[in-house]
Amino acid sequence: MPRIFVIGALVYDIVFDVPDWVAPNQAVHARQVTRSPGGKALNQATAARRLGADDVRLIGCVGDDIFGAEMLEALRREGVNVEQVRQLSASRTSIAGIVVKDGLPGFIGAPCASRMVSDEHIRGALADLAAGDILLLDFEIPQPQVMFALHLARAAGAITVLNPAPFFTRDAFVVDYLHLVDVIIPNQMEAQLILDSESDDLDELASGLLGHGIGTVVLTIGEAGSILYQVDCRAVQPAFKLAAVDTTGASDAFVGAYCLGLSLGWQIRKTLIFASAAAGLACTRRGTMSALPSLEEVRLLMASRQSCC
C-alpha cells in the first residue's frame with residue numbers, strides 16, 4: 001500500500017458546546033467542554049490510519065510542553081508515524097478554542113508552533129517520498145511551504161492532495177501552483193476564494209479549478225454531500241443522514257477517508273461513499289480527533305444503508 005504523508009498543523013482543541021454565541025461583555029456557560037488533540041493534519045492523518053492505512057507519516061511542529069506531549073502520545077497510540085513532528089522549545093503548541101452552537105462550530109486559533117514548519121524540515125521529511133505515495137497538505141501551514149512541498153512531490157512522482165483550509169484571504173500566488181495538485185478538496189467558499197469568484201454555481205467553480213490543471217476537484221457541500229469533478233466525469237454523493245451534534249471533524253474525516261481510498265486504488269464511487277460515511281459519523285460525536293470513526297463503524301453504516309459498491 002502506498003504511504004500517506006501529511007504536512008500541516010497539530011493543534012490542541014478545547015471545544016465548548018454553548019446555548020448561544022458569545023457577545024461583547026456577555027458571559028455564556030458551556031453545557032459541555034471537550035479537550036482533544038486536533039488540527040487538520042493531525043485529524044486527517046488519524047482518520048486515514050484509523051480507517052486502515054498501513055503507513056501514515058505526519059510532518060509538523062508542536063511546542064515542548066504538556067499539550068504537545070499529549071498529542072504525540074495520542075498519535076503513537078493510533079499508530080501514526082510522528083518521527084517528523086518536531087518539538088520546539090522556543091514556541092508553544094498551537095491551541096484552538098472551538099465554540100459549537102446547534103452543531104455548527106466557530107473557531108479561535110493561536111497557531112504558534114504549527115506555523116514553524118520550514119523548507120528544510122519538509123525536505124528532510126520527504127526525502128524518501130516515492131512514486132505512488134500520497135502527499136496531503138492544508139493551509140494551516142504557510143502557503144510558501146505548501147508550494148515547496150508540492151514541487152518536491154511532483155518531482156518524486158507522488159500523488160498530491162490539497163485541502164485548502166482554513167482559507168481566509170486570497171494570496172496572489174495560490175493559482176501559480178495549482179497545476180501541481182492532483183486532487184483538491186475545497187468547500188464552496190474556499191473554491192470562490194481561490195478563483196477570486198463570487199459565483200454560487202458549483203459546476204462553474206469546479207470548471208475554473210480544473211482549468212488550472214488540477215486533475216480532480218471534490219467540492220464538499222456540507223449536509224448536501226459532495227460532488228467530484230474530472231474533465232470527463234461528474235459524480236454526486238449525497239451526505240449520510242445522521243443526527244449531528246458537532247460538525248467540527250467532518251471535513252477532516254472526509255479528507256482522510258478519501259486519501260485512504262485513493263491509496264487503495266478504489267473506484268470513484270466507492271471512495272466517495274466511504275468518505276461520506278466517515279464524515280457523517282464524525283458529526284455524531286463531539287470533538288475532533290475523538291470523533292473520528294473506526295473502519296468497522298464506517299463499514300457497518302455503509303452496509304446498513306446498502307451503499308457499498
Side-chain angles (χ1 to χ4, degrees), residues 1-10 37-62 71-87 114 117-141 145-164 177 180-185 214-216 218 251-268 270-272 274-275 278 289 292-295 298:
M1 179 187 294
R3 299 166 297 175
I4 300 175
F5 293 72
V6 187
I7 305 178
L10 294 83
K40 298 196 72 64
L42 180 148
N43 292 332
Q44 291 165 0
T46 300
R49 174 65 183 148
R50 200 174 282 181
L51 292 169
D54 287 339
D55 192 343
V56 181
R57 305 186 179 195
L58 182 57
I59 301 151
C61 296
V62 297
M71 287 198 288
L72 290 174
E73 180 56 31
L75 286 162
R76 291 188 184 103
R77 287 197 301 268
E78 293 287 345
V80 175
N81 184 318
V82 293
E83 291 179 5
Q84 290 297 333
V85 176
R86 293 183 175 178
Q87 289 186 275
S114 63
V117 179
S118 66
D119 288 357
E120 170 267 330
H121 184 181
I122 291 171
R123 186 187 298 278
L126 299 184
D128 65 340
L129 187 70
D133 286 339
I134 294 170
L135 175 63
L136 170 60
L137 295 145
D138 60 59
F139 280 174
E140 284 186 329
I141 62 170
Q145 278 64 58
V146 172
M147 181 164 55
F148 181 77
L150 286 169
H151 277 289
L152 293 179
R154 180 53 56 91
I159 300 168
T160 56
V161 181
L162 176 62
N163 176 215
Y177 60 75
L180 301 171
V181 176
D182 294 310
V183 181
I184 192 168
I185 308 178
I214 299 171
T216 301
V218 184
S251 172
D252 294 337
F254 184 98
V255 173
Y258 187 94
C259 286
L260 173 68
L262 196 61
S263 73
L264 293 172
W266 288 349
Q267 295 296 315
I268 286 171
K270 181 176 181 179
T271 300
L272 286 177
F274 186 80
M289 183 186 192
L292 299 171
S294 67
L295 176 59
V298 173

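What you see is a predicted model, and the numbers here were worked out from it, not measured in a lab.
Proximity of a side-chain donor or acceptor of D182 to a complementary backbone N or O of T160 within less than 3.5 Å is detected. Of the possible polar contacts, one joining the R154 side chain to the L180 backbone as a donor-acceptor pair under 3.5 Å is found. Judged by distance alone, with hydrogens and angles left aside, the side-chain atoms of H151 form no donor-acceptor pair with the main-chain N or O of Y177 at under 3.5 Å. At distances below 3.5 Å, not a single donor-acceptor pair connects side-chain atoms of R49 with backbone N or O atoms of V56. The backbone N or O of N163 lies less than 3.5 Å from no partner atom in the side chain of D138, so there is not a single donor-acceptor pair.
A 4.5 Å side-chain heavy-atom check between L10 and L58 finds at least one atom pair inside the cut-off. Side-chain atoms of I4 and L262, non-hydrogen and from C-beta on, never get closer than 4.5 Å to each other. Annotation: side chain of P164 is in contact with side chain of I184 (closest heavy-atom distance under 4.5 Å). Two residues are said to be in side-chain contact when any heavy atoms from C-beta on lie closer than 4.5 Å; R57 and D128 meet this criterion. A heavy-atom distance below 4.5 Å is not found between the side chains of V80 and V6. Contact check for R123 versus F148: side-chain heavy atoms found under the 4.5 Å cut-off. Contact annotation: the side chain of L72 approaches that of Q87 to within less than 4.5 Å [non-hydrogen atoms, C-beta and beyond]. Looking only at side-chain heavy atoms (C-beta outward), R3 and I134 stay at 4.5 Å or farther from each other.
For the pair A9 and E140, the tightest heavy-atom approach, listed with the atom from each and the gap, is CB-OE1, 3.2 Å. Shown here for R50 and L292, the closest heavy-atom pair between the two residues is NH1-O, 2.6 Å. Closest of all the heavy-atom pairs between L129 and A153 is CD2-CA, 3.6 Å. A pairwise comparison of heavy atoms in A149 and L137 identifies CB-CD2, 3.9 Å as the closest pair.
To the nearest 0.5 Å, the span separating OG on S263 from OH on Y258 amounts to 11.5 Å. Atom CD of residue Q44 and atom CE of residue M289 lie 13.0 Å apart, to the nearest 0.5 angstrom. With values rounded to the nearest 0.5 angstrom, L272 atom CG is found 11.5 Å from W266 atom CH2.
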